[in-house]
Amino acid sequence: MSAERDAGPPAPGGGVIVRGQGPLLLGVRHHGPGSARAVRAALEAAAPRVVLIEGPPEADALVPLAADKDMRPPVALLAHVVDEPGRSAFWPLAEFSPEWVAIRWALEHGVPARFIDLPAAHTLAEREEGTDPDRDGPVSAPSDTPPPAGEPDACGPGGAPAPEADPGPSDDPGTAGAPGLSGDHGAARDPGPSDEPGRPGAAGGSGRSADGAALRIDPLAVLAETAGYDDPERWWEDVVEHRAGAAEDPFAPFAVLEEAMGSLREAYGAGGHDRDLVREAYMRLQIRAAHREFGDDVAVVCGAWHVPALRRKATVGADRALLKGLPKAKVQLTWVPWTHRRLSRASGYGAGIDSPGWYGHLFSAPDRPVARWMTKVARLLRDEDRGVSSAHVIEAVRLAKTLAAMRGRPLPGLTETTDAVRAVMCEGSDVPLELVRDRLVVGEVLGEVPESAPAVPLQRDLAQAQRRLRLRPEALEREMELDLRKETDAGRSTLLHRLRLLGIAWGEPSASRGSTGTFRETWRLRWEPELSVRVAEAGVWGTTVLSAATAKAEADAVGAPSLADVTALAERCLLAGLPDALPVVMRVLADRAALDTDVGHLAQALPALVRSLRYGDVRGTDTHALADVAAGLAERVFVGLPPACAALDGDAAEEMRRHLDAVHGAVGLLGEETPGAAAASGGIRGRWHAVLRVLAARDTVPGVVRGRSVRLLLDEGELAQEEAARLMGLVLSPGTEPADGAAWIDGFVGGGSGGMLLVHDERLLALVDTWLTGVPADAFTDVLPLLRRTFSAYEAGVRRTLGELVRRGPAPRANTETAGSGAGSGIPGFAPDLDTGRADAVLPLLSLLLGLADSGTATDPDPGTATDPDPGTATDPGTDTGTATDTRTGADTSPGPGPGTDTSPDTGADTRTGTGTGTDIDNDLVRVGP
């Protein structure tokens, strides 16, 4: 039997496929709407008894799910190794994919649909043994699981699913110009240039490199160049997409493609994809088996590149010989949602297309596709508040048709519609055009699969949590604000944190714009198809999200490389609500902290640990153990920091300054959050302030650290401004090296808030200015980069104000003080004492805000009686209304029910009732008094 020759399906006669001469071979382009329409027409005309489709045969049991009402493409078949879910492959299908159309036709007509490509068990097992499905020689196995990306070939030649390649046209022979005619839906490729044996230098090249190695060709590029096109995508649109339904014979398009692919196979052989020979041998065996069962009523839907090989005469023994000895692995398959973005070539998907959204529109539009497309574009731009009218749509359609006629195209394609949209609706700008491309040309459609689809237990638990929390996966990135005081939002936060710990990056936390409190979180959510693989991988840790996250956290704690990683993990455990994992993490943390003597490591670990203490009240987590560890860690930092800051070079000093800022913030939080007596809190802060004083006074400490220590003490109120000015004057004296002085200034006034310190304290600014003007010319170029870095961090308004102050110079203040002001402070822009009049003006408002005026008594700090220059009228009892203008502070006195005297520092209306309670409305300020 092995020597028996099989004539195979006979060739078409006269260029037209005639039914009754063998299996019907329908060569298609993956994700081509023209091919999809042609397949549907051919199946309706041929009415086969079985439909064979290029794909993994293990998925035959999943075919009926395609008819489920909850199944909405784009979707993908996901295959993964049972013991290693990270080794996986995808077979994506869109609504306009010929394979999907064939599956749906078969289900609607009660016809069996079977997959006939090389089993996924062989494809995924080869990766385990270190071989590349597209190459004969061994390659290094991937060290980590990359995001699955799709087919390894886009236009014909290619192998089975393989590890993902870097995104870009060079990943695949079919991405040079257009997605292909062949067939390998697949997953990922190994990253790196070794993935490909070569690339064709030109579309019509010989297919061989200089050393004789086979090159992977792009069949569409060859055919397009032969036809005189420089763009294979445009050639495909002109000869297939725009001529749909032109042929009366539904089988004619397939005959033409078969003839073209046959010529290419004669010229290029396997096109550099020797792996195709094995796949095609398996497909021929499956076609023979179906032919024996159903006779000639067999339809085969596969990549057009494979059709000549499937029709070629070959012996059964030769085909079986090619399949002998293939490695095999235990695999599982299921349906998973897919997105239009992952169908695009830019995502790294080998058989990807440039415009899945446009192709979906061409497939679904019943008529006038250009006019309907322009309407979609106009609706999108209107939603983005751009002025687009019906006249714009009419003119854009007219321009697209004119461009197509000028370019000799049968109908406007994507190029013409894009040019028309840019000129008419976008006014020549590419900015809104990018929005059109992102939202419509590519699209953000996310498919759906029914709940009855096979899934790992972790996936089912995640789906239940998503429904319970009303957290729907979406392909379009969106921002979500969570209020952790609400039960649903707290549950959403916990779920997202647990998924992040498992490596399922569905959401990423971002800074909250509205609040900085611990009860609010902001997340950016976006569901990508490869997250289904991450869920399958995480299934090894447990059957529920909680159990899997707990086991993963315990394992990460034991294997954490540094103390900072352990403290960060402790914080993540609190955020994710993992009380069972926290004891293990805390034990590892205590052991690591006791053994680690590097102050830098301790300083890195402390902030995350202290931040964790803040989550106790909001999330209901017991943080007493964390508080004890944090306090002990802080004491070790206090002891080790001064000696660790001695004799540091510039880079080490800058890193130590960052540690200093981090520890300072952590100590502030530790004092607020540590349970216990206030004395203990004061003791921790007092110890820290003592450490800062030591650092500020030691000459062996780098200038940037000393300057930062002085600044932190000044901000805490532990150092008077006069003392800070004295220390700055000492450092900036002529005896100090300019570089050390510049580093001190960088530490003292560096950062965004340092500029405001100089703006409001001109004594410090004058010291800096005097020092800077006295720097010798030969040393100025050395300190200039550091000074530029310091002052460039200030906002533009702060820099402008500093420039004005420096330009004005240290001139004495003009004598505008009153007689009681004395000689003044001598500081430009500052009075010797507080302006009590201006200060008193805000007291009524503060009293109202603080609730101090409820007693019904309001007394001015400077009581007295004032006479209004323009007194109003007052009537008591009842309502007393008048307009008063006063030039100084007075007292508001109104005896109970009787008449009163109204004195006010401003002009306003005074209204009193007979009860003795009055309301003063002065310049939008409200004061309550008798």
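Keep in mind that what you see is a predicted model, and the values were worked out from it rather than measured.
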Contact between [X] and [Y] at the side-chain level, heavy atoms closer than 4.5 Å - yes or no?
| X | Y | result |
| --- | --- | --- |
| Val331 | Thr123 | no |
| His80 | Arg87 | no |
| His109 | Trp105 | yes |
| Leu62 | Pro454 | yes |
| Leu43 | Val111 | no |
| Tyr229 | Leu223 | no |
| Pro529 | Val336 | no |
| Cys302 | Leu310 | yes |

Do the side chain of [X] and the main chain of [Y] share a donor and acceptor less than 3.5 angstrom apart?
| X | Y | result |
| --- | --- | --- |
| Ser355 | Val441 | no |
| Asp230 | Glu225 | no |
| Ser97 | Trp100 | no |
| Trp235 | Leu220 | no |
| Arg265 | Trp305 | yes |
| Gln286 | Asp117 | no |
| Glu58 | Ala120 | yes |
| Ser35 | Arg29 | yes |

Phe96 vs His31 aromatic rings, parallel, tilted or perpendicular, using cut-offs 30° and 60°?
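It falls in the perpendicular class, over 60°.
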What is the minimum heavy-atom distance between [X] and [Y], and which atoms define it?
| X | Y | value |
| --- | --- | --- |
| Pro253 | Pro250 | CD-O, 3.6 Å |
| Ala79 | Leu124 | O-CD1, 3.7 Å |
| Ala36 | Pro98 | N-CG, 3.8 Å |
| Ala102 | Val39 | CB-CG1, 4.3 Å |
| Val101 | Phe363 | CG2-CZ, 3.9 Å |
| Ala299 | Pro48 | CB-CG, 3.6 Å |

For Asp319, which of Lys324, Lys313, Arg312, Arg284 qualifies under salt bridge (Lys or Arg N to Asp or Glu O under 4.0 Å)?
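Option passing the salt bridge (Lys or Arg N to Asp or Glu O under 4.0 Å) with Asp319: Arg284.
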Among Ile116, Leu52, Val300, exactly one meets side chain to side chain contact (heavy atoms under 4.5 Å, CB included) together with Met283. Which residue is that?
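Single pass found, and it is Ile116.
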State whether Glu293 and Arg49 are salt-bridged, where the test is any N-O pair (Lys NZ or Arg NE/NH1/NH2 against Asp/Glu carboxylate O) under 4.0 Å.
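The answer is no: the pair does not qualify as a salt bridge.
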Does Arg342 form a salt bridge (charged side-chain N to carboxylate O under 4.0 Å, His left out) with Glu530? I'd like the steps, not just the answer.
CA-CA 9 Å; Arg342 295 299 293 172; Glu530 59 265 21; 3.3 Å; yes
Would you indicate whether Asp70, at its atom CG, is surrounded by more than 12 heavy atoms from other residues, nucleotides or ligands within a distance under 6.0 Å?
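Correct, the count exceeds 12.
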Less than 6.0 angstrom separating the ring centers of Phe90 and Trp338, yes or no?
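Yes: the rings meet the under 6.0 Å criterion.
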